[in-house]
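Computed from heavy atoms alone, side chains included, the values below leave out hydrogens, waters and symmetry copies. Numbers here simply count residues along the sequence, with the first being 1.
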Amino acid sequence: MERTRTRLGAAVFLMLILGHLGNALEVPLDPKVLEELAQPPTITQQSPKDYIIDPRESIVIHCEAKGKPHPSFSWTRNGTHFDIDQDPKVTMRPRSGTLVVDISGEKAETYEGIYQCTARNKHGAAVSNNIVIRQSRSPLWSKERNEPIRVQEGEALVLHCRPPAGLPPPIIFWMDVNFQRLPQSSRVFQALNGDLYFSNVLKEDSRNDYICYARFPHTQTIQQKQPITLLVLNLDAVNETVAALFNETDLFSDGLAEERKPTFLIPSGSSSSKMVLRGQVLELECITEGLPTPEVSWSKLSGEFPDKRTSIVTFQKILRIVNVSDADAGEYRCTAHNRLASVHHTIRVTVKAAPYWLTTPRNLVLAPKEKGQLICRASGTPKPTINWAMNGIPIENSPEDPNRKVEGDTIIFEEVQTGSSAVYQCNASNEYGYLLSNAFVNVLSETPRVLTPANQVYQVIRNNHALLDCSSFGSPIPKITWFKDSQSSTLEGDPYLLHENGTLEIYVAQALNSGKYICVARNTLGIAENHVYLEVKEPTRILKQPKYKVAQRNRNVVFECKVKHDPTLIPIMIWLKDNGELPDDERFLVDSDSLTITDVTENDAGTYTCIMNTTLDHDSASAELTVVEAAPTPATIYEQPDPPTDLELTDMKPRSVQLTWIPGDEHNSPIHKFVIQYTDSLHDHGHWHNLTHVPGSKTTAHLELSPYVHYSFRVLALNAVGLSDPSNPSHMYKTNPAAPDENPSGVKGFGTEHDNLMILWKPMSGLQANGPGLQYKVMWRKKDVDKNWTSVTVANVSKFMVSGTPTFTPYEVKVQAINNNGIGPDPVVVTGHSGEDLPVQAPDNVQVLVLNSTLAEVHWEPVPPKTVRGHLKGYKVYYWRERSLHKHNPHRVEKQLLTFSGNKSHGMLPGLQPYSLYLFNVMVYNGKGEGPASSNLQFETPEGVPGRPSFLRITNSNLNNLTLEWGPPNDLNGHLTGYILKYQQVNNSNELGPMEELALPANKTSITLPNLKYSTRYKFYFNAKTGQGAGPVITEEAVTIMDEGNTRTQTSPPIAGSPPRHPFHKVHPAAPAFRNVSSSVGENGMLINWEYWGAEKHVYVEYIVKNDNTLGEEEWQKEYVNGSQAYVLKGLKEGLSYRVRMVAKGHDDQAVLHQSEELLVTVPAMPSRQVDIATQGWFIGLMCAIALLILVLLIICFIKRNKGGKYPVKEKEDAHTDPEFQPMKEDDCTFGEYSDTEDHKPLKGSRTPSNGTVHRDSSDDSLVDYGGGDGQFNEDGSFIGQYSGKSSIRETAEGPSPVNTTAMNSFV
């Protein structure tokens, strides 16, 4: 059952327990009540007991408390009074005990210690926990040098991390040099202490970037240990090295590491113990080594693991139990096994406990002479000690109170007296921690108050139980009694039940229980009462339930659900399908008492439920729908439906009518909906308009009508094929005229001139008029000035002009519709303005701030709004350049305009010319136009960087010097301080040489550069500078002239000066740009070679057939050859002569700037190809055949000699001597006499590469000891030299027989 129980929103109740000696007293926290109640202090917020601070930020130690009167605060540090006023770095927040310590310029260690806050008023003192302040620390790793660790493959290994001790402790993780976490597995993993353990190492574990990182979470810093290098040596390499050193004596019998049984590394031995505190996390760790890698499993000998608190992580190495309880104590076994053996380790876990609450002391509110008690019960292992204090002072040192008795964990109060309010502290402690709780005893004398709102109305459904509240407060606790209506007897016994909190319950409410109820609260100090009302409502019932339906596909289904409910309750009908919402489909039509589904499909099958809800109860009923296939029928012809017939108007009312009709034939396609149309023969005769539409299952429509309309209706039916023809019109129905229901829309007010106000609106249609005689009442008044409206009534217009208005004044306007039957509703008021005029005042206090050489900021004081005389559009700034600061003659340019929209007071002027005088003014503008301009102000822009020099050219080009001339920049933008000339050589491949730089004075316009390299291209970069810096660069290229005689080097410095007007020195003739043009016949065509020394980059080779008869009539052919010194002309005709020349053109490819002398080349008529016979296939085949024939002959001779030939015994013995012991002679490649020289013997098992070199390995041992030669090593110990042995044989480029470095490197 649902019921309404209205509570006082602001009355949240704090239950104060008086134990088993007293009753519960509810103290409301309603501010109005609390303002009148005295209350001892209560700590509401405090910092944590262990408070780690960040030394980079101020220290904030929280202490907040409430009480009446508001408490004052004091602090102790390390047990003594902390005088805040004596330390300028410490402040206390207003009406708070929170301390803020500014540690800027101070060491945070200065403020470490134990702090305690006391909140005090005249009714007692509450204390906070002891707050231990400690500074977070993230020390650096101690400097160390990690030597490479070499370990044999298969052995166990520990890489120690040993991070610096931080506060709080750091989080450890291992990564490589690329900050990627190192892969871990059951073989390689990180222990709880941060060390990296290897159960057994593999060759692939070798790497030089094992790095341990420590992240300190409080300061969010990460410290890094020096990388550790691990070298894993396999047994094959060790055996080969030992064999080479000790004459094939193997140290190990095979190449595989020896398998080992599992062994525990952590913890050691067969058993260990672990202590954990209750509520903390228990982590048991088993780290083992062995080969193959041992597998670890866990079990508890004395029970089962707790299901939801246990996890086994880090590849089964760590058992973790969170939120430890006493039941988690016992013996845990860790088992490690591989295929060789299985070992066990037992860990005995004991659980201790810091104190935890069993019963927290609760605040007491007592009346004088009442009894009560404070109970403080805590548990822990070992059992905690309970100590009491009063107002922060141990209770044994507090004033004696004969009405108070302390018995262990309980304080008993007998007949408390007024004025004995106090705050008591309970401290429960053992060796693992402490708990501190404050609880006050507040002795109050208060008359009764009823807190339930007066005249509260309760509503309940008949036959349900009702609860009537009577919340009260008083001290002593008031007694509650109930009365009904005017009865004098209290409500006790059946059917009433009075609860201890004053609530009256009626078991089974009936209609006769409705009425007024009076709640009375009494105590020894007074009486209070309150009235509430009970209304018993009739239940909601479904009278006609939906029924089971079987429907054919594409048919319609209707479920009915008729309901009865209390008429004073508002019902809401909800339909569900399969306990969910109905599909979002227009085929589902919900009416007030039915659900219609049109065009049923298979997906519509299911259970449909109708639910009728009211604010107090609900009722529901369900029915099932089954969808079946329609019976097979002959081919169906689908057509649009016939028009409806027999239209009839019923239930005719002034504003509505009921229209009914009979549907026409559907023609095998169900009707989806009916469309109702109307025509108005009074206002719009002959035009039909859509009025509404209803589902196809309906044949009735309720039509809402407008007054003063002559209606005729018709209906159209719609199915899947289309719309039917319209039905015959119904009889005309004339609605009576009425006053307008609405007013014109689109009302606006604005001015067209400075002294008028135009009021516009959208005219209403005849249908909206509701009657004859439509007029408009236009009303206006000055906003916030006039109280009365000025009005005029007009007709057949949509605007009205009000003349003689003050300029740009706000007006309130409205337009109301009127006809012969009355006036329309109150119109909406719209605010408009009369016409605008030009502003009358220029901005004042105009100032300018030059920000840089191209940007200035203009400030002005906005004009008063009244002087704008219109809608403020913004401000305009006109500015122009008066002249350059270099010249005094005017240099005016057109004015520039910047517009700043809105009520701005400043704006930026960008794009200014440096070193110039500017003038500007500011004006305001509105919708009418611009106002007067402010006085012209001027400002000067500072110097900027100069523009590009006006020109740069080379006037004299000699063997080893060049003369450059230039013109000053057109835009100086300041005082020119000089020029910067940079130049560098450019070789034939366009590569740039080193840059040379010269600083030139501002009064020079030319310079001669001596000591240049002859016949060399140079690139020059030239720019001007002012005090603000250098401007943009202009570039040029030039070539020194080829020396045709002796070259003389000039050593004189560059000579700067004005361009020489009378050259007295000899100018060398200009050298040709193209030199050494030659030709040769190649395999693919005619090869043209040349040298080019010009600056232009558009270079071509041109050629034409030499023909005396047609000379000059044919066009030259050209090929683009830029960036090259040679080109092959292909496609030339054999036997013809060609004229060839080189040409360099300008950027437009039109003007020829450089041209070589013509070269006459002749293409041979019968070019003979010189063929390399060694590359011809027939020659190679012939040589192979000859070689094969010679080989066959040699084999035949060898066979005959072995079978029947005569030869000396000595030769036979020599032929069969083991070639291993016969050193080969270098001269004739035959075996000579055996030599036992050690220098000729390679190490046993060595493998010599084909090129005879010794390959470098990062872990080489010294080869000097073995090779007898010189060797070199890197700083990391890797071999970088070359092994060479002593030999009487002449050394070749390949060197002597090498040593097998792999075997040597594997030896440790």
Quick one: pull up [atom1] in [X] and [atom2] in [Y] and give me the separation to the nearest 0.5 Å.
| X | Y | atom1 | atom2 | answer |
| --- | --- | --- | --- | --- |
| Thr1005 | Leu952 | OG1 | CG | 11.5 Å |
| Leu998 | Phe1020 | CG | CZ | 10.0 Å |
| Glu1158 | Trp1116 | CD | CH2 | 4.0 Å |
| Asn1023 | Ile1034 | CG | CD1 | 10.0 Å |
| Met995 | Gln985 | CE | CD | 12.0 Å |
| Leu964 | Arg953 | CG | CZ | 11.0 Å |

Do [X] and [Y] have side-chain N/O donor and acceptor atoms under 3.5 Å apart?
| X | Y | answer |
| --- | --- | --- |
| Ser1156 | Arg1141 | no |
| Gln913 | Asn973 | yes |
| Gln180 | Asp176 | no |
| Tyr1021 | Gln984 | yes |

Taking the side chain as every heavy atom from C-beta outward, state whether [X] and [Y] have any atom pair closer than 4.5 Å.
| X | Y | answer |
| --- | --- | --- |
| Leu1009 | Leu981 | yes |
| Val1143 | Val1099 | no |
| Val1163 | Leu1136 | no |
| Leu1129 | Val1101 | yes |
| Lys1130 | Val1128 | yes |
| Pro946 | Leu976 | yes |
| Val1033 | Phe1022 | no |
| Met1142 | Val1121 | yes |

**side chain to side chain donor-acceptor pair (under 3.5 Å) between Thr1008 and Thr963, worked out** = CA-CA 4 Å; Thr1008 299; Thr963 299; 3.0 Å; yes
**Request:** Output, in order, the C-alpha distance, side-chain angles, deciding distance and verdict of side chain to side chain contact (heavy atoms under 4.5 Å, CB included) for Val1077 and Asn1089.
**Result:** CA-CA 6 Å; Val1077 182; Asn1089 294 279; over 6 Å; no
Between [X] (side chain only) and [Y] (backbone N and O only), is there a donor and an acceptor less than 3.5 Å apart?
| X | Y | value |
| --- | --- | --- |
| Thr1040 | Lys1013 | yes |
| Thr977 | Lys1025 | yes |
| Tyr1100 | Lys1145 | no |

Atom of [X], atom of [Y] and distance for their closest heavy-atom approach:
| X | Y | result |
| --- | --- | --- |
| Gly1027 | Glu943 | N-OE1, 3.9 Å |
| Pro949 | Ala1024 | CG-N, 4.2 Å |
| Leu1159 | Ser1078 | CD2-C, 3.7 Å |
| Leu962 | Ala1038 | CD1-CB, 4.0 Å |
| Leu972 | Thr1026 | O-CG2, 3.7 Å |

**Message:** What I want to find out is whether Glu1102 reaches Lys1118 closely enough, with some N-O distance under 4.0 Å, to be called a salt bridge.
**Reply:** no
**Request:** On the 0 to 90° scale, with breaks at 30° and 60°, tag the Tyr915-His975 ring pair as parallel, tilted or perpendicular.
**Result:** perpendicular
**Message:** Using side chain to side chain donor-acceptor pair (under 3.5 Å), reason through Thr1162 and Ser1137 one step at a time and then give a plain yes or no.
**Reply:** CA-CA 4 Å; Thr1162 302; Ser1137 296; 3.0 Å; yes
**Message:** Other residues, nucleotides and ligands only: do more than 12 of their heavy atoms fall within 6.0 Å of NZ on Lys203?
**Reply:** yes
**Step-by-step side chain to side chain contact (heavy atoms under 4.5 Å, CB included) determination, Met1183 to Ile1180** = CA-CA 5 Å; Met1183 291 298 101; Ile1180 296 174; 5.9 Å; no
**Prompt:** Does the side chain to side chain contact (heavy atoms under 4.5 Å, CB included) test come out yes or no for Glu1157 and Phe1074, once each step is laid out?
**Reply:** CA-CA 8 Å; Glu1157 295 182 356; Phe1074 292 100; over 6 Å; no
**Request:** Examine Trp966 together with Tyr979 and report whether their ring centres are nearer than 6.0 Å.
**Result:** yes
**Request:** Dump the intermediate steps for side chain to side chain contact (heavy atoms under 4.5 Å, CB included) on Tyr1018 and Leu1012, then the final yes or no.
**Result:** CA-CA 9 Å; Tyr1018 284 88; Leu1012 302 180; 3.7 Å; yes
